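A short write-up of the structure that comes next.
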Amino acid sequence: MFTHSKALMTPVEVTTPDPRFAQFMLEQFGGATGELTAALQYWVQSFHVEDAAIRDMLQDIAVEEFSHLEVVGMLIQQHSAGAVEEQAWRSTLFAVRGMGPHLLDSCGSAWTAAYVNEGGNVVRDLRANIGAEGGARQTYEALMKMAPDEGTLRALHFLYTREVTHTQMFMRALDSLGKLDVPLFGNVPPDGTVDIYFNLSKLGGEDEAEPGPALVGEGMRITGQPGSLTLLGEAPAFVNPDDEKPGASPGMAELAPG
Ligand code: MN
Ligand code: MN
């Protein structure tokens, strides 16, 4: 059940209304990195998760993202108010569609559920969320650079900061599953190519930059010959402490290395 408190999460006090900036702000209302995308992504994901603490965290953050959507909508409303008569030339979008937010991004493209990244595995979803928060953080940074007044800048700084916090929360959730810095998850063990770096992009046979230890981990091998897979050896032992449904993929045990 949802109820709605009309109190905003952070004050919205626009002193220099700017319909062109309102159009930029649409990116965080009906855009790919926007608050509607984040809210629906975490909300839908929460129904797949069996870990009660992580499910509750996803729902907490989803509801917060709806509160961010409200703040972004208020910013757009205040920046586009009066645009129709006085400043239509600054944004044809608001002149035609009217003031306030619409389910469009800053270029006028309609919001789509294809922006939502969810499905099937809690590790997969949490990693998608770290990417989503990075996208939101980046868009807010771009918007902050163009903010036309102090009140707008303060509200954007709050929204920006919360995305950093959410990133930390998703990283902690992954850490609690032992999956913050381990690429393997799920029930399917990888084959013998898992520790191979395919060094395939070259200029006249030469590397622009040799793959060094920063990118090629210990135990990883480099080859420029992806065809010679028979020489690659056995995969390492597969450890999967996090899976919420161990053995959920019947028959996968036979694929286990060794
Ligand atoms: Mn947000
Ligand atoms: Mn967020």
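Counting starts at 1 for both ligands and their atoms, following the listed order. The residues of the chain are indexed from 1 along the displayed sequence. Here the structure is a predicted model, which is why all the values come from computation and not from measurement.
Under the 30°/60° scheme for interplanar angles, the aromatic rings of Phe47 and Trp43 are found to stand perpendicular. Between Phe158 and His68, the two ring planes are perpendicular [angle over 60°; tilted spans 30° to 60°].
His68 has its closest N, O or S atom to the Mn ion (ligand 1) at the position named ND1. His166 contributes ND1 as its N, O or S atom closest to the Mn ion (ligand 2). Here the N, O or S atom of Glu163 that is nearest to the Mn ion (ligand 2) is OE1.
At a threshold of 4.0 Å, the pair Arg137-Glu133 does not count as salt-bridged, since none of the basic side-chain nitrogens sits closer than that to a carboxylate oxygen.
In this structure, OE1 of Glu65 and OE2 of Glu35 enclose an angle of 140° at the Mn ion (ligand 1), rounded to 10°.
No side-chain donor-acceptor contact under 3.5 Å links Asn199 and Glu210.
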